Amino acid sequence: MHPDIPKGRTGYCPVCGRRLKTKASQRDGIGPTCKANWLRRRTDVGAQLQLELKGRG
């Protein structure tokens, strides 16, 4: 699990507020859809930063 993913320990996803139903979601502290979306956004930002830095060199 990525260390920067927001984690809740309340039984609800900290991103969307839905109840965490599966053992994996409860263990991770975030729902699977929000986790995937969050990781994709982080990857998109990282890729954009690499492109910007590459263009400067």
Side-chain angles (χ1 to χ4, degrees):
M1 176 111 157
H2 197 279
D4 293 336
I5 292 178
K7 297 177 194 132
R9 297 291 176 217
T10 63
Y12 292 89
C13 178
V15 178
C16 69
R18 290 185 176 145
R19 188 170 63 87
L20 300 174
K21 297 176 183 176
T22 67
K23 296 260 187 224
S25 294
Q26 292 169 356
R27 181 192 64 235
D28 293 344
I30 189 170
T33 302
C34 291
K35 180 178 169 182
N37 289 339
W38 192 89
L39 287 173
R40 186 176 61 246
R41 280 195 305 269
R42 294 283 293 179
T43 303
D44 291 347
V45 169
Q48 181 63 35
L49 181 59
Q50 286 179 345
L51 288 174
E52 289 175 10
L53 292 175
K54 208 177 209 184
R56 291 182 184 181

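Heads up: numbering here begins at 1 and tracks the sequence. Bear in mind the structure is a predicted one, so any value in this text is a computation, not a measurement.
Closest approach of Q26 and K21 over heavy atoms only: NE2-O, 3.8 Å. Between S25 and P32 the shortest heavy-atom distance is OG-CD, 3.3 Å.
Taking CG of L20 as the reference point, atom SG of C34 lies at 9.0 Å (rounded to 0.5 Å).
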